[in-house]
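Structure, as structure tokens:
Proteins come first, then strands; the chains are lettered A, B, ... in the order of their sequence lines, and each starts at number 1.
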Amino acid sequence: MLAPLLPQCRPRLYSTAIVGSGPSAFYLAKSLLLSPSPPSSVSLFDASPAPFGLIRDGVAPDHQDVKNAANDYTRIFAAHPQLSFYGNVPVGTASSPGALPLSELREFFDVVALASGCQADRSLPLPVLGPAGAPLPGANPPAQVLTSRELVGFYNGRAGASPALPAAPGGRPLRAVVIGAGNVSLDASRVLLKAHLGQLGATDAPSGAVEKLAAIAEGGVEVAVVARRGVGQVKFGIKELREIFKASPGSYAFSLPPEELERSMNAATLAEIEGVRPKERLQKLLRTISSSPPPTPPPASSLSVRTLLSPAAYLADARGALRGVRFRPQVLSGPAGSQACADDPAAAPVDVACDLAVLSLGYVSTPLRGLERRHKGGRYEHEAGKVKGEEGVYLAGWVKRGAEGIVGTNIACAKETARSIVEDFGGKGGGAGEAEVREWLGGLGVEFTDWGGWERVDEVERDPARKRCEEQPREKVVDERELLEIARGAA
Amino acid sequence: SRPAPPRRRLSTVSITFLDENVSPAESFPLAAKIPTPADLAQATIDPTDPSHVPLNLLELAHQNSIELEGACGGELACSTCHCLLPEDLFEELGEMEEEEEDMLDLAYGRVEGRSRLGCQVKIDGRLDGRTFVIPEDPY
């Protein structure tokens, strides 16, 4: 007769903590759990009681098809009982109460993987000039300058996001300048345009945000997306650009000044594009946009792509409210593939009037406490996802690669990190399971929420009585305390 | 060049997936039903339902547990279902939509004249006896 397997004879599997619960976290969890040497448990830790990271907070509300990736993550969660979610647990910041220091995680878990994304914004310090052209003391930047993180958080209903928006300009379109030429700039522009067109109703943008944006956009929206370098160096995706182009007829004017396009096409830029099919196709579309005749009669809204303009100052009125952004025209120089821009000494500054400025310069990661010395030049140093010089610390997603790519990009990235983890830890470890993790968290006094808490939130958000129309996927809970109470089951 | 296949009405096709993400590459021969108009009319039902007749290469791979990712669920919002077709079949299938080309621009290991998104290649008689390569991912 076979004796039952004694505890000390059970295979010693490694336990894994993942910081974050967005796409990279789920793809990493899935890769590990399906590997030939899976962990005993995978615990996802998120500061928010609601999982899914940028799928929920970052992907634009009118891109529900992309947001549907959350269904895959729910399926992954359901398929693996060893996978757990702990919400309301910010990691690494010793300043906020209930926060879990990285050191505690590393002591308890065999493997800690960061899938925590990029928590900081690239900054743009500029002087504020008053009506007379002299520096103006007071708020710098002016209140009407938002980071893309703030605006995106607002229209995506990230709990606690409530930036100050400019007042509705009476009787004329809202003018917005978006600084930065990537997909986030296109998202912000498109959402503002749709706010005027009344096309946000069937999205999951929360009603408060939809109303506020519709109110300030009532007279139309004129957006200028401004790039520092040339047309050849923009970071827009062709799909995102084509989407805006195809939706423009009858709704808004979409333009790219031909003169700036021609100035962008220096020899080095042409060399960068030639023979690279994705670039050739993107540039062909940009040229088509540039040569399209302006619609008549001119619609109330417009989106223009401006290039070779570097921000030099915020222009404010006497009270310090934003009234424009000053740019200096640029010239490109340097070898193809690494051209730099510099102020054109012969050109006068270009002032673009605006009520709202959005800084969309890209995101960067900030080091967790305890890993500062591994974070250089804005990134952790790593080898195939393993943080160099640290035992048992790994990376997946934006925190590993920088803020680039689409949702699917994280799949191969996570597979690489999973391979590194399995190589280092396959077949060895402390073997903590979910029960041990809960006990440990309880012992530390961490007030976590769990997947059941998220399911409660999900049910509340999808309640038809809450929604403004049937097509709206969900009416998000935007109040932080309410979100926590629902997740705790205390609401 | 290949001789023209005999003209006959097929109801199923033999399709092989060749997964180059494993070493050595692994071959998965399958039989797939060619969707009828009735099957196409039910296209909106859950493709994960075992009774669903796969309409394209991605759905076929998923139903047979083959490792072909479809992060966006076939909505032309990613390039994870990237497959390489035999050159002559690629040509026979003809031009693809702009939107598919846009996403293929992001695909790793893209081969002009062979790359398609699996979610856009419909199961029909032309696929009979052919092999579809799942190219190695970048890591």
- Heavy-atom proximity to chain B below 4.5 Å, by part of A:I238: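 When you check distances to chain B, atoms from both the backbone and side chain of A:I238 fall under 4.5 Å.
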inquiry  = Using heavy-atom distances under 4.5 Å, tell me whether A:N68 contacts chain B through its side chain, its backbone, both, or neither.
reply    =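 For A:N68, no heavy atom lies under 4.5 Å from chain B.
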Can you say whether [X] sits under 4.5 Å from chain A via the side chain, the backbone, both, or neither, judging by heavy atoms?
X	answer
B:E67	side chain
B:E112	side chain
B:L104	neither
B:E75	both

**Report entry** Backbone N/O of B:D137 and side chain of A:K415: donor-acceptor pair under 3.5 Å
**Finding:**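 A pair under 3.5 Å: no.
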About how many Å separate [atom2] of [Y] and [atom1] of [X], when rounded to the nearest 0.5 Å?
X	Y	atom1	atom2	result
A:T409	B:L106	OG1	CG	7.0 Å
B:C72	A:D72	SG	CG	9.5 Å
A:I406	B:T80	CD1	OG1	7.5 Å

[atom1] ([X]) with more than 12 external heavy atoms under 6.0 Å:
X	atom1	answer
A:E404	CD	yes
B:E92	CD	yes
A:E280	CD	yes

Any Lys/Arg nitrogen of [X] or [Y] sitting under 4.0 Å from an Asp/Glu carboxylate oxygen of the other?
X	Y	result
A:R277	B:E101	yes
B:D102	A:R281	yes
A:R242	B:E99	no

query = What are the two closest non-hydrogen atoms of B:A71 and A:I411, and how far apart are they?
reply =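 Taking every non-hydrogen atom into account, CB-CD1, 3.8 Å.
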Among A:K67, A:H63, A:K239, A:E243, single out the residue with the greatest number of heavy-atom pairs under 4.5 Å to chain B.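 Max contact count across the listed options: A:K239.
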Anything in residues 20-35 of chain B with a heavy-atom distance to chain A below 4.5 Å? Please list those residues in order.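 Heavy-atom contacts from residues 20-35 of chain B to chain A are absent.
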**Request:** Would you please name every residue forming a side-chain hydrogen bond (donor to acceptor under 3.5 Å, both in side chains) with B:T16, sequence neighbours left out?
**Result:**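 Result, side-chain hydrogen bond (donor to acceptor under 3.5 Å, both in side chains) vs B:T16: none returned.
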